[in-house]
Structures are given as structure tokens and as C-alpha cells.
Amino acid sequence: MKSDELECGSEGLLSPPHTHQRTVLHLDADCFYAQVEMVRQPELRDKPLGIKQKNLVVTCNYVARSQGVKKCMWLKEAMEVLPELVLVDGSDLTHYRRFSTQISGVAQSLTHRVERLGLDENFIDVTDLVDEYMNTTGSSDIEGHVFGDKEPVSMDLVDPCGCGCRDRLVAGSLVAKQLREQILKETGITVCAARSIPGIGSATFSVLKDLGISTVQELQDVPLKLLRTKFDSKTCNRLKKVSNGIDETPVRKSGKAQSVGLEDSFTKVNSVAEVKVKYQILLERLLKLLKEDGRVPVSIRVSVRKFDLAKRFGHRETCQTPISSSLFPDGVNNVGENARASLMKTVMGLFQKMVDTSKDFHLTLIGVAFNKLIERVREGKNISSFFGKHTKEKTTETYKYTMDNGCKRLCVPLSPEKSCDGYESIREFEQISMDKLNDKTLLTSEPLDPILDLESTDCRRVDNTEAHHQSKYRISTLSRSKGSGPTVVPKSKIILILFSSRSGREHSLKAQHIEIGRGGRGRGASNFYHDRRVDDYGEDVFRVGRPSDYRQDPPIVQPLRVVGCYSVDEDRTFGHDRTVLKFIEPQYLTKEGKTKVNIDLNRGWGKNSPYTGLAEDSSINLYQWILNNSETLIDSDDTPTRLDVDFICMRRCLTLLMKIPYNVKEKWAMQAEYFRGTIYLVYYASPEELEQKKSDPPYMKKISIWGHKFEQFMTGGDPDEGVCANEEFRCVLKVKVDNFSCLLAPEVDGADPELFEEDFKDLSSFITVKCSKEVDTTDAFKVECFRKFKLHQWWIENKLSGIPRVVVGFRTEEGQIYRLENYDTDKLPTLAKGLWEPSVSLNILSSFLAFIKKKVMEAPEAVHRFERQSPIVIRHSIVPSVRGAAEGSIKVLPDWYREQLFSPSDQE
DNA sequence: CTGGGGACTT
DNA sequence: AAGTCCC
Ligand SMILES: Nc1ccn([C@H]2C[C@H](O)[C@@H](COP(=O)(O)OP(=O)(O)OP(=O)(O)O)O2)c(=O)n1
Ligand SMILES: [Mn+2]
């Protein structure tokens, strides 16, 4: 067998190992940062506590978890889930470092063989202690209990492989218990053990997912050949082994840190002065950390993260350089002014290497670290560095203990083998049952036999698990009744300890349903987008997905048909004619697409007349038009009972819906009402929104007027005359979105005089005109925003109307336009590649219309409200009816419309 | 419109 | 220096 092939022979995966020499404990602090804060401020203990870093709630205590707050949840979402959440800022890790060191210190008082992982995990090799214990205590005389006080060791737990590891397991569990008690005593922190499959992070997992692999079993089963198409043989081998419970990574003693650094993130820093201040602050803090460390740095590294919408986050640029040891003549305890200044100079020098400060820049993070540290030079001796010597140990195997709490299954990788530490496994068990269950295990179809009683074990007393009591996953009474008692089934070197009458085989298969993805971050609500399997929000919530969730199906075809048009004149008078239809000046419609112009939007300024109508006027006008033209909309001429459309609304509503996955921050509400076979949908402005509108800053009005002014230019109006914001020309359109037909009445700006035909049936001869602020092309952020939002908006509006092009006038801050650009509607998506996709917008529109229809038809008499409350939540509610009150805005349809539609008076 | 670290490998 | 893994 070739060495790079996976071993599967009798000595390979399918047989248990023969010698298990080590015993290793694996401790993990409970909700670490939160616990530290609760120890520091005991009054926080019974409150739901979240630890935040900027906009992220990085962890929270179990009170909060029991009420729906998750680790790594966005602050906003956490506050939505639990408004009473008490927040403590955890951006400064100083205290967490201190407690972490203390915890490891307790472990180190037992043995030097302690490996730290992050701030709250420790692997502790207690082989020597266990051996000692075993030597002084005859194997058969070992006192202690694997799974708590109630069950004697001599229970039927068999030695998995005959090497005696069962006894070491028992002894190890005693050490673990003492250690945890000691840690609690010295630091006030409770610990357990917890990990999922190591070595499969977000990158590996996303590749696996593409191969259709998301569970342990699938990884076990996947042909090596298929795996090899994506990974090198080493990785394949490791993945296969790890899926079978074999993890050969040795425990390494953690020496002193190899680097110590600090970071600060922000939404935007773009001046050197600001950068300097930020680095200065970081450096000062870092020197304090350095002082605690005691060693002298010989290399410094600075990092930046530049704003980049495409790469999002995670990409940092770094730059490092050696530091002269002469900077620290007296060690690191007291760093003089000169040394500090020199370090700052070095930092800024490295910074300038990464960022061209002569041009505009936009940073979202800076960091500085000492990435090489040496012990102080002793007088008369040679310089020598003492990096923690990590002598690799002989590889041994890791077991996964799989248990079952009656509800869900989980898989516990114990640290490198021999640990055989069932006690810690149980703690893991308890932990997972409270908050890791959803993303790390799968529900089994049937509940299995309950197995353990942790309530009455020492485990319970040692651990602070308030939420344990509330957890619906709590392990219930001990019952290993039926049949054979616990069985230990060696399967592919996974040892399954099962307390059940079922065959071990069956269980081992079920255990393989455990999901392998750790998913990197976003463990809780996952960056706006929650675990899709969990629906905590109920039937009345439409959960917004990622854009990719709407990408699958091809875009929906939508034939368009103009069924009529109408005008609104300067007095807001409604007319069934084309009096205000305008034509675009041919001089602006060049084929090249770009035109140089010189337009002053401020001409005739004093003569402009503002918009005097109300927001709901446009719907009212449409309803008026429908009453007058209902014959064009009915499907059969004998007994008109319904208009031949599913939805009637303004284009604005559909536009908002189509932006849902991308305009994550856009808040809105709409109301819908069912009447005679059709759903009427209108934008709903809350009282607060109306109030805010009143105090719109003047520049908003100016921009609006400029828009009209630009239209005036484009349609050949006299620039020295004022514009009239009241004038509108609207076309009534029928659009088919998936299976839903919608009636819209978008305003159209003007027609191409060369293409226009009197009896136009669609808007292919029309042109949209937009006035938009000139984009600063040196500002990547603004360019991306333009492509992501403006181009999207224009595409949607034109797509819904069937208008083939938009001519954009780019204005300066002062209202001057020097260039026009033509965009063909169908080419807009290409210009915005990677930022939005037509199929996504069309699919979300279709699925949300379906949601509206479903909700409205559940109560066809009621007025329904749909409100986007957060990036991921659009909530449906029924608006309480207000009898007799003059609450015009509460209703969707005016009474006169209800009375007149299909009534005889309409037939004249 | 996005924590704050750190270790190891390439 | 960047990427991947981990908390
Ligand atoms: N992506 C992450 C993961 C963890 N941590 C920090 C916050 C945690 O408090 C600490 C320990 O990580 P754990 O995954 O062990 O989480 P907790 O200890 O908070 O919770 P649990 O009780 O589930 O162990 O590390 C972090 O800042 N960022
Ligand atoms: Mn933890």
C-alpha cells in the first residue's frame, strides 16, 4: 500500500489501537468572556449578559442564551431577540487574558504539559499523574466513577480495547474533577470540554459542501478519488481519518506567546492624522502587554484592512520589520520617550509601505503586533531565544465518545487519545445540549433512551449552569435499564459508549449524522442570516435570505402590456390624456452613450413650484383611472366580477421588494387589502415617518427640484422657466411576475421622438431620465455604492416598466451637469457584476408576493401590514379596524372605489 | 457594512 | 506576506 493512501487494512481504520498510553484532559471555560464579567461584577449573574465588540455580541451568558441570544450574533439582532440584554464591552481583552492565564496556571500546577487554545481552552496531559495513581492503586481498587457518583466504576463499561484504558479513563476523570474544582476555587470560572471536528474550518467546509458532504458519515463514505479532486493526498488522509474519529495531532506544550498584538476596527478612517492617533493608542496599550510578557521584541508588524466591498473582510495586508534591540536598553519594563517615538516612526513607515497616503484611502482596521520576542539578554552571555520548545510527541489516536441525551446526538472528540476521559465528555454533553445543539448535531427522528442523570452528579455541583435548568435538552433521569446496559463498540477506531439496548452498530451509524462544518464565524445568527433550519419567528415572519438563496432559478419571464395612460397637471388635476407626455431632445440621445453637456440646474430657480400632492395621491389617481377604464381589465364581458390582475400597486412597492436581499438596511411597511379577486398593495408611511418627512433637510428638496429641472432640459423645456413638480405622465401597465399579474402605473419621463408611435403597446420607445451626483472615481467605496444601489434601482425601475434605457446626468454638488451617460437596461447587470443579479431580485419579488397572497387570503376581510423590521425579518400583522373613524391612511382602498367598481353607475 | 485575538503552513 | 486554522 502506498504511503499516501489511506490505510484501511486490519491495522488501519477498522481495528482498535492496541496501546493507549496517554491520558489527556480537555477543558473549556463556559461562556468565557461573560463569565469573567460576572465574576468581576456579581450583580450581572442573574441578568442576561452579552459581551459586545463593536457591532457584534461575541458571547453571552446562559441566561441570555436560554432566551435566544447566540454567540457571535449581531448586536442589532441580539437586541431584537432580547431587548433587556445587558451589554458589557469586551473589546479590551486584558481581563480575559488575565483570567485565562490564571486558569492555565492552575493546570500548570499539575503538569507542565498544558496546551492552550484560544483564551479559554486547555489540553492537559495527565498521563504521569494517572500512571502514578494507577501504580499506587491496584487497578481493581480504583475508586471513582466515570459518569458521576451514582454509578460505580465496576458497571458494565468494558475496556474498549483491552489495553487498560478504561481504568485510565476513570483515573483521568478524577483528576479532571479536582482540576475543575481547583480552577473554580481560584478563579471563579467554571469549565467543561467542548469541540467539534478539528481541522475543518470554513474554507475546507465550503469545498466539502460543494461536494455534497456535510455530515461525518458523508465524509466517511465519500470515495477517496472524489476527495482527491479537491484536496491533496495529505489533506484527504487527514479528513478521512478525522471523520473516523482519528486525530493524531499531539498535545503540544504552549510556551510563551509567539506574538502579541492589538487590533482596532472601524467603518472608516481616511486621514493620516487619524491613523497616527489610532496606532499611537494601540502602541501604548501594546507596550503594557509587552511589559507583562517581559520579553524584548525583535520584530514588529503592522496591518491594515482596506475597504473593499468585493473581498468584504478578512483580508489584511501586513508589513513587518526587525526592531533594534538598542531601543530597550533597560528591558521592556520602562520604555522611554525616545524609544516610543522611534517605534511610532517605524509603525508609520510600515504603514506608508502598504497605503499610498498621497491618494485617497479608506481603512476599516489597523493592527500592530510584536511578532518575535526574545528573553532579555543576560550580561556576559550570548543572545539566545527561548521559544517554547515544542517537541512533538509520538502520535496517538483520539477517540470520539458518542452519546445520546435522548433528544439529539453529539460527538465528542476527546483530546489525543488515552484521555479516555468520560467525565469531560459529559460536560461537553451538557454544554452542547444547551447551546451547541442546533449547529453541531442533527435531530434524530425518534427520541432515544435517556441515559444520564447529571442533576445528581458532582458535575452539577461544580458547574455553574443556570440555563441548564431551563434547557429543554436537559438530560433526564438515569435509565440504562433495558437490556444489555452500556456497550462499548469499537468502530473504525471511534469508540461509542452507549447506554442503551440498541445495537452499537445502529448507534454508530446514527452518530455519523453529526455535521462536520464548524462554519468559522457566524455561529449564532450568522451575519444577518440565521441557520435556515431554525425558524424561531413563526408564521407571520418572512425571513429574508442571502442573495444566493434566491439565485437558483432562472429569472422569470414577464411580458408587459400598456393598458392606458393618464396625466396629472400642475394643479394636480387628473386627466385621461397625454397633455404632459414629453419627448426627449434628440441631441441628448447620441448612440455612443456619453455626451458632454453644460447644464445649470439652478437656472430659473425662483420660478420653480414644488410638489403639493400627498403620497397616496398616486394610488388614488390609479384607482380613479381603473373605475373609468375597468372594461379594459375584466376577463369576461358578461358578468364582471373581478379585474384580471392579482395585484394592484405602485411600482415603488415592487421596487422595494426587489431590493430586499441587497438593501439590507432599508426599512419600510406596506399594507394590503383584498377586494373582489385582487390584492391592493400600498406603501404605508408610519406617523413617525410622516413626521420626519416634514423636517426633511432643505437639500433633499433641492435635489428633488434638480431632478425635475434636469427632465426639463432633457425634454426641451425653457431653462429659464420654472419647473412644476406636480406634473406627471403615467402609464398603466400589466406586468406578469412568475404567476402573478400586477397592475402598475409608473411615471414615465419621456419618449424617443424617433421611435414613438401613437398607439404604443409597451414602453420600448420611452426613456428614463435620472439626475445623479457625480461619482468620485478615486473613492472605491462610492463607486461600489453607485454600482450596487443606483444601477440596481434604475435596472429595477426600467425592468418593471419595460423601458430599454436610462440617460443619466451627473451633477456636481453645486448643480452643474457636464456629462450625460446612456445605460441600456439590459446591460446594467453586467456593469454591476458581483454586486447584484437580476434573478435574485425577480425571485425575491415572486416569493414575497406569494407570501403576501398567502397571508392576505388567510383573512381576506382584513387590512394587512407587512413591515420590514430588520435585515432578516419582514413581519406580517393584521391592522385592527377602526370603525367610523376618519382614518383614511389606515385603509388601503377608499370607500368610493369599493362602491363604484362594477356598479351600474360605472357603466355609462 | 462587519470582534479581537493567535498559531501554523504555504 | 497571505492563507488557513482555532478560540
Ligand atoms: N469567533 C470567536 C470565538 C470565540 N471568541 C472568544 C469569546 C469566547 O467567550 C471565548 C471562548 O470561545 P468559546 O467558543 O469557548 O465560547 P464561550 O466560552 O463564550 O461559550 P461556551 O460556553 O459555548 O464555551 O473566545 C471570540 O472572540 N471569537
Ligand atoms: Mn468556552
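Throughout, protein chains are lettered first and strands after them, A, B, ... in sequence-line order, and every chain is numbered starting at 1.
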Just compare [options] and give me whichever is closest to any side-chain atom of [X].
| X | options | value |
| --- | --- | --- |
| A:Cys319 | B:dG3, C:dA1, B:dG6 | C:dA1 |
| A:Asn55 | B:dG6, B:dG3, C:dA1 | B:dG3 |
| A:Gln258 | B:dG3, B:dG6, B:dA7 | B:dA7 |
| A:Leu93 | B:dG5, B:dG3, B:dC8 | B:dG5 |
| A:Arg285 | B:dG5, B:dC8, B:dA7 | B:dG5 |
| A:Gln53 | B:dG6, C:dA2, B:dG4 | B:dG4 |
| A:Ser265 | B:dG5, B:dA7, B:dG4 | B:dG4 |

* **Below 4.0 Å: OP1/OP2 of B:dA7 and any side-chain N or O of A:Ser259** => yes

* Asked: According to a strict under-4.0 Å criterion, is A:Lys54 in side-chain N/O contact with OP1 or OP2 of B:dG4?
  -> yes

With heavy atoms under 4.0 Å as the rule, sort [X] into base, sugar-phosphate or nothing.
| X | value |
| --- | --- |
| A:Arg316 | sugar-phosphate |
| A:Arg97 | sugar-phosphate |
| A:Val57 | nothing |
| A:Ala369 | nothing |
| A:Gly367 | nothing |

* To do: Applying side chain to side chain contact (heavy atoms under 4.5 Å, CB included) between A:Thr59 and each of A:Ile51, A:Asp120, A:Val69, A:Leu49, report the one that passes.
  => A:Ile51

* Check the angle between the aromatic planes of A:His362 and A:Phe307 and answer parallel, tilted or perpendicular using the 30° and 60° thresholds. => parallel

* Asked: With under 30° as parallel and over 60° as perpendicular, where do the rings of A:Tyr96 and A:Tyr33 fit, or are they tilted in between?
  -> parallel

d([atom1], [X]; [atom2], [N]) in whole Å:
| X | N | atom1 | atom2 | answer |
| --- | --- | --- | --- | --- |
| A:Lys288 | B:dG5 | NZ | P | 14 Å |
| A:His315 | B:dG3 | NE2 | C1' | 16 Å |
| A:His95 | B:dG5 | NE2 | P | 14 Å |
| A:Arg252 | C:dC6 | CZ | P | 15 Å |
| A:Ile366 | B:dG3 | CD1 | P | 14 Å |
| A:Asp120 | B:dG5 | CG | P | 16 Å |
| A:Asp92 | B:dG4 | CG | P | 10 Å |

* Any donor-acceptor N or O pair under 3.5 Å, side chains A:Glu317, A:Ser303 -> no

* Asked: Regarding A:Thr357 and A:Gln352, is there a side-chain donor-to-acceptor distance under 3.5 Å anywhere?
  -> yes

* Tell me whether the centres of the aromatic rings in A:Trp794 and A:Phe786 are closer together than 6.0 Å. => yes

* Taking for each residue the nucleotide of DNA chain B with the nearest heavy atom, is it A:Arg301 or A:Lys268 whose nucleotide lies nearer the 5' end? -> A:Lys268

